[in-house]
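Here is the structure we will look at.
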Amino acid sequence: MPAIWIPKRLVEMSLISSAGIDKVGFVRHCEFEYESRIYAAAKEIMESGKHIIMLTGPSGTGKTTTSKKIAEKIRSMGKNAQVVSMDNFFKNPETYPRLADGTKDYENVQAVDIELMDRCLEELLEKGKATFPVFDFKTERRIEDAMEIEIGDGYVIVEGIHALNPIVLDSMPKNSVFTIYAGLREEYSHLGQRVLPTRDIRLVRRMIRDYKHRGHSPQKTISMWANVCEGEDKYIKPYKSNADLLLDTSFSYEILVMNSALKNFPSELDDGTPEAKKYNEIIESLQNCGYISEGYIPSSSMLREFYC
């Protein structure tokens, strides 16, 4: 059974807008709630006696920043902790599994060198330090022995989409592994009807981040979203029940920031396309929502990964 399991909650947008009248106070409250969840996760990990933390979550849940924050919290509690990305254990492209049309299947768990990852983690637990590879996404090649990770008697957080896959977990010593699933647990309604599910919130997070930091148009991000969600449903969500802890990465004030960010967002979408239709649906769902500008997001907030 999971140590902490949080059901989704449906919140009226009018309540969020009312709370947002006190912008500073509302933001501070929501950030404190998130940090409290990080503290609870770090405490749960340390009390478990397990030193390998496997963390996953769908796209746009903030799992990378959340992993770093858990590590920071553990360090503040007196133990070393480091974050490792499973992406660094990607195999070289000639050994990737293939789709039916012959193209590389990047999201298949067999694209990860699980044996190498196990050896690195085993050495890290035994010796307190080990040398890990780094995957160069430009060349699509793995650089061997490229990064030394040292934890002493501390903890390593392994973050990646396949972190809870049984093929990965079954090869690890069960008494050494603590598992976390990061996900948004808050959705929004208007007049009792759900208008903004967590999947749409994650899409907006990714769309804004991709535009600001990766040079992707909203059209491109939305057009790829169906495939992203299909991959989640196939490779991530089926293994949610393997988690010891479900970590909520929602921020109640976020939809007010989202509404502000999208107000003047250069949508650049072609009229009449499925992407434009989806974008307009999200805009319409926020029409009864207030605003908080991105400037109110604290410098240490996880949300800066997406909005700033």
Side-chain angles (χ1 to χ4, degrees), residues 41-42 44-57 63-72 74-75 79-98 104-182 231 234-236 238-245 247:
E44 189 83 12
I45 289 165
M46 296 180 74
E47 289 177 352
S48 74
K50 300 174 181 179
H51 292 261
I52 299 173
I53 299 92
M54 303 297 291
L55 187 150
T56 195
K63 56 185 177 291
T64 300
T65 301
T66 294
S67 297
K68 293 176 182 177
K69 283 188 169 289
I70 293 172
E72 290 171 3
I74 290 174
R75 289 194 290 268
K79 287 289 186 178
N80 195 4
Q82 300 295 333
V83 177
V84 171
S85 172
M86 278 188 73
D87 290 355
N88 285 326
F89 291 96
F90 274 141
K91 298 175 180 176
N92 291 328
E94 60 270 16
T95 60
Y96 277 12
R98 302 280 170 163
K104 302 182 189 73
D105 187 0
Y106 293 97
E107 296 191 344
N108 192 310
V109 67
Q110 299 297 339
V112 179
D113 192 335
I114 298 171
E115 292 184 7
L116 175 61
M117 185 174 70
D118 287 347
R119 290 200 302 271
C120 288
L121 291 174
E122 183 177 351
E123 182 179 351
L124 188 62
L125 288 185
E126 289 181 356
K127 301 179 180 179
K129 62 180 179 180
T131 304
F132 282 63
V134 170
F135 193 82
D136 184 343
F137 282 90
K138 291 182 179 179
T139 63
E140 289 194 339
R141 310 293 299 183
R142 195 171 66 208
I143 306 170
E144 306 292 349
D145 300 333
M147 172 178 58
E148 184 171 88
I149 301 293
E150 184 170 356
I151 62 169
D153 61 350
Y155 304 84
V156 58
I157 301 171
V158 183
E159 175 262 316
I161 66 171
H162 298 299
L164 268 61
N165 191 306
I167 294 175
V168 174
L169 295 180
D170 287 351
S171 65
M172 295 181 171
K174 289 181 172 54
N175 60 349
S176 297
V177 180
F178 188 92
T179 52
I180 299 176
Y181 185 97
K234 185 176 181 180
Y235 293 115
I236 302 176
Y239 309 122
K240 187 191 298 186
S241 60
N242 291 340
D244 295 309
L245 171 67
L247 183 56

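Computed from heavy atoms alone, side chains included, the values below leave out hydrogens, waters and symmetry copies. Since the structure is predicted, the reported quantities are computational estimates derived from the model, not experimental observations.
Considering only residues two or more places apart in sequence or on other chains, S171 meets the side chain to side chain donor-acceptor pair (under 3.5 Å) condition with D118. When the side chain to side chain contact (heavy atoms under 4.5 Å, CB included) test is applied to P238, no partner is found at least two apart in sequence or on another chain. For E144, the salt bridge (charged side-chain N to carboxylate O under 4.0 Å, His left out) test picks out R142, with sequence neighbours left out. Under the side chain to side chain donor-acceptor pair (under 3.5 Å) criterion, E150 pairs with no residue, sequence neighbours left out. R75 is linked by a side chain to side chain donor-acceptor pair (under 3.5 Å) to nothing, counting only residues two or more places apart in sequence or in another chain. Under the ring pair (Phe, Tyr, Trp, His ring centres under 6.0 Å) criterion, Y239 pairs with no residue at all, not counting sequence neighbours. Here K68 pairs with nothing under the side chain to side chain donor-acceptor pair (under 3.5 Å) rule; sequence neighbours left out. The side chain to side chain contact (heavy atoms under 4.5 Å, CB included) test applied to R141 returns N92, P93, E94, T139, not counting sequence neighbours. Not a single salt bridge (charged side-chain N to carboxylate O under 4.0 Å, His left out) links D170 to another residue, sequence neighbours left out.
The ring-ring contact (aromatic ring centres under 6.0 Å, His included) pairs that include a residue from residues 139-159 are H51-Y155, where partners are two or more places apart or lie in different chains. Note on residues 129-140: no pairs pass salt bridge (Lys or Arg N to Asp or Glu O under 4.0 Å), not counting sequence neighbours. For residues 46-55, every residue pair satisfying the salt bridge (Lys or Arg N to Asp or Glu O under 4.0 Å) rule, not counting sequence neighbours, is listed here: K43-E47.
Atom-to-atom distance recorded for I53:CD1 and S48:OG is 7.0 Å, nearest 0.5 angstrom. The OG1 atom of T179 sits 10.0 Å away from atom CD1 of I45, with the distance rounded to the nearest 0.5 Å. Rounding to the nearest 0.5 angstrom, the gap separating the OG atom in S85 from the CG atom in L55 is 11.0 Å. Between the NE2 atom of H162 and the CZ atom of F89 there is a distance of 14.0 Å, given to the nearest 0.5 Å. Put simply, OG1 on T66 and NZ on K69 are 8.5 Å apart, with the number rounded to the nearest 0.5 Å. Note that CD1 of I236 and NZ of K63 are 6.0 Å apart. Values are rounded to the nearest 0.5 Å.
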Worked verdict on T64 versus E159 for side chain to side chain contact (heavy atoms under 4.5 Å, CB included)
CA-CA 7 Å; T64 300; E159 175 262 316; 3.5 Å; yes

Applying side chain to side chain contact (heavy atoms under 4.5 Å, CB included) to T131 and E123, what does each step give before you reach the verdict?
CA-CA 9 Å; T131 304; E123 182 179 351; 5.9 Å; no

Hey, mind stepping through F90 and D113 against side chain to side chain contact (heavy atoms under 4.5 Å, CB included) and telling me if it holds?
CA-CA 6 Å; F90 274 141; D113 192 335; over 6 Å; no

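For the pair L245/Y181, no side-chain contact is recorded, criterion being any heavy-atom separation below 4.5 Å from C-beta on. N165 places none of its side-chain heavy atoms less than 4.5 Å from the side chain of N242. Annotation: side chain of V112 is not in contact with side chain of V168 (no heavy-atom distance under 4.5 Å). The shortest distance between side-chain heavy atoms of L125 and S176 falls below 4.5 Å. Under the 4.5 Å side-chain criterion, counting only non-hydrogen atoms from C-beta, I180 is in contact with I70.
Listed here is the closest heavy atom pair of C120 and A130: O-CB, 3.6 Å.
A distance-only check finds a donor-acceptor pair linking the side chain of K91 to the backbone of Q110 [under 3.5 Å].
The side chain to side chain contact (heavy atoms under 4.5 Å, CB included) with M54 is formed by just one residue from the set D244, I157, V158; it is V158.
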